[in-house]
Amino acid sequence: MKRPGIPTKALIILADLLSDLGNQFVGFTLLDLLFFKGEKGLSNLLAMCLIEQAPSVCLSPLAGLWIDRVGAKTWLFLVSGGKCLLVGALVFVSSRYLVFTVYLLLIIGSLFFYIGRLSLVPVLIPKDELIPFNAVNERVSLAGRILGPLLISCIVLETGPAMSLGFGGLLFTLSAFLVWRLPDTVSGTERSVYGPFRRHGLRPLVVDFMEPFRGNPKLKACFATFGFVLAGGGMLYLGVPVLCKTQLGKDIADWGLLLSAFQAGACVSTFLLPRYGSAVRRRTLLSFNFLLLAGAIATLSQLRTLVQIALLMSLLGCGFTFMHVFLESLIQKYSPKACIGKTISVLSTYRGLCYLGSIFGSAMVLRIWSPQSLFFTASALMVSAGVITTRKYY
């Protein structure tokens, strides 16, 4: 039964936006406390990065199955309510390890909310309206990511951790209310985008998830290239905050400005994505973008003013997001339709593994050398990817 009032599409978009803004409030509050003001800044930053990626590796293949059992709408409501309670717990915990434990649970909740939304949208939105709806939702989400980092980081500095966490809890509560206002659905008709899961042991399950890649060299090539994009992005995510604090002496508000600049570039990239051409043009496009990213990352280590870094972060945001969306689209295109759920599930786990690998590698480089060395390493990685893509199938 459809509830009167706000249209269903608006409810989904607003619930997603408020949940994302709540995540930003929590993330910036903890980053300010643990990294910019903490005694073990680099160790805390590394721990936060690991916490943010580990759940996607371990839980993505199973999350869809759990959502199917209780229904996507009920699942989203429970997850949003649970995240509100966890934010309340953060206000009262003081132990560093307890903070990390609660933050891990919040990240798991965010992962479950994301997968739950992907599962609920096809149930409530007609198939012929999915693409326009997803486009609008992505634009609204990017608007929140552009304005959110700068505004929220300033609020964190002005109000203190307890008040900023309170804002986050309020946003999760509003998101849960909007989810509750969505039309009722029958859980038995809801299907997770991650497809069915067979219960016949770990090894057969792994073999089953490798099905989309059999005799499909183009899909394998896209996954391999996507790994370079994810690794470079992971190095950037860890290296730029360290550069801000250790080399430039900046605070959380300055990092918020740089992150907003990155997201502004990401928004521009959504308007620049071209139509897919021939395989030769794809290889040329990929190689050019990798080399452009390599030069930008290498230049980043030489800049010393916040304005210069913000402008270059906009370019990096545009380049990385362009590559991210372009390769994800190719993966969707080359995946067999009967196996699309398995492909997306593998992609989610693969993304987490790539980010974790880049985080560990970046931590080693930072321990031994400096942020500049990390940027040169990332630049060399992008150059290698640019060379390799000329020999792959796309």
Side-chain angles (χ1 to χ4, degrees), residues 19-57 83-111 145 148-169 171-172 233-260 262 306 313 352 355-356 358-367 370-371 374:
S19 180
D20 185 61
L21 291 174
N23 291 336
Q24 291 188 50
F25 265 104
V26 174
F28 275 98
T29 302
L30 294 184
L31 191 65
D32 184 45
L33 288 174
L34 299 174
F35 177 65
F36 285 99
K37 296 178 180 177
E39 296 180 357
K40 300 179 179 180
L42 181 57
S43 298
N44 291 338
L45 178 63
L46 177 60
M48 289 182 67
C49 291
L50 294 177
I51 288 172
E52 289 168 1
Q53 301 305 326
S56 64
V57 176
K83 290 175 71 175
C84 182
L85 295 177
L86 288 171
V87 171
L90 273 179
V91 176
F92 298 101
V93 298
S94 56
S95 170
R96 177 167 164 260
Y97 298 103
L98 285 177
V99 169
F100 284 140
T101 300
V102 177
Y103 187 53
L104 174 61
L105 295 176
L106 278 165
I107 293 299
I108 293 174
S110 299
L111 174 68
R145 294 174 199 165
L150 179 59
L151 295 177
I152 292 174
S153 58
C154 293
I155 291 174
V156 169
L157 286 178
E158 293 296 328
T159 63
M163 185 64 71
S164 58
L165 288 174
F167 280 122
L171 290 171
F172 289 139
M235 291 182 177
L236 202 67
Y237 184 74
L238 189 66
V240 176
V242 174
L243 178 69
C244 284
K245 179 183 178 182
T246 60
Q247 304 293 327
L248 304 180
K250 303 301 181 180
D251 57 19
I252 187 66
D254 298 314
W255 168 238
L257 172 64
L258 296 181
L259 199 55
S260 291
F262 185 92
L306 197 65
M313 285 291 284
Y355 277 134
L356 286 176
S358 67
I359 289 169
F360 278 117
S362 300
M364 292 179 61
V365 173
L366 289 173
R367 286 291 186 183
S370 63
L374 177 60

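It should be emphasised that the depicted structure is a prediction, and the values quoted were computed from it without experimental measurement.
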**Prompt:** Do we see a donor-acceptor contact under 3.5 Å between the side chains of Tyr355 and Glu52?
**Reply:**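 No, no side-chain donor-acceptor contact under 3.5 Å.
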
**Under 3.5 Å side-chain donor-acceptor pair for Thr159 and Ser164** =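 Note: Thr159 and Ser164 side chains miss the donor-acceptor criterion.
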
Report the distance from atom [atom1] of [X] to atom [atom2] of [Y], rounding to the nearest 0.5 Å.
X: Ile252; Y: Leu257; atom1: CD1; atom2: CG; answer: 11.5 Å
X: Ile359; Y: Cys49; atom1: CD1; atom2: SG; answer: 4.5 Å
X: Asn44; Y: Arg96; atom1: CG; atom2: CZ; answer: 4.5 Å
X: Gln24; Y: Arg145; atom1: CD; atom2: CZ; answer: 8.0 Å
X: Ser362; Y: Leu374; atom1: OG; atom2: CG; answer: 4.5 Å
X: Leu366; Y: Leu42; atom1: CG; atom2: CG; answer: 6.0 Å

Is any side-chain heavy atom of [X] closer than 4.5 Å to a side-chain heavy atom of [Y]?
X: Leu258; Y: Phe262; value: no
X: Val240; Y: Leu259; value: no
X: Val99; Y: Val102; value: no
X: Asn23; Y: Lys83; value: yes
X: Phe100; Y: Leu34; value: yes
X: Pro55; Y: Leu104; value: yes
X: Phe172; Y: Val26; value: yes
X: Ile155; Y: Phe25; value: yes

Minimum-distance pair of heavy atoms, taken over all atoms of [X] and [Y]:
X: Cys84; Y: Gly169; result: SG-O, 3.5 Å
X: Gly27; Y: Met48; result: O-CE, 4.1 Å
X: Gly256; Y: Ser153; result: CA-OG, 3.8 Å
X: Ala253; Y: Cys154; result: CB-SG, 4.3 Å
X: Ala162; Y: Val91; result: CB-CG1, 4.4 Å
X: Leu238; Y: Ala363; result: CD2-N, 3.9 Å

**Request:** Show your working on side chain to side chain contact (heavy atoms under 4.5 Å, CB included) between Leu90 and Leu106 and close with a plain yes or no.
**Result:** CA-CA 10 Å; Leu90 273 179; Leu106 278 165; 3.6 Å; yes

**Asked** Out of Leu243, Asp32, Leu31, which one pairs with Trp255 under the side chain to side chain contact (heavy atoms under 4.5 Å, CB included) rule?
**Response**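 Of the listed options, the one satisfying the test is Leu31.
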
**Prompt:** Donor-acceptor pair, Lys245 side chain versus Phe35 backbone, under 3.5 Å?
**Reply:**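 A pair under 3.5 Å: yes.
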
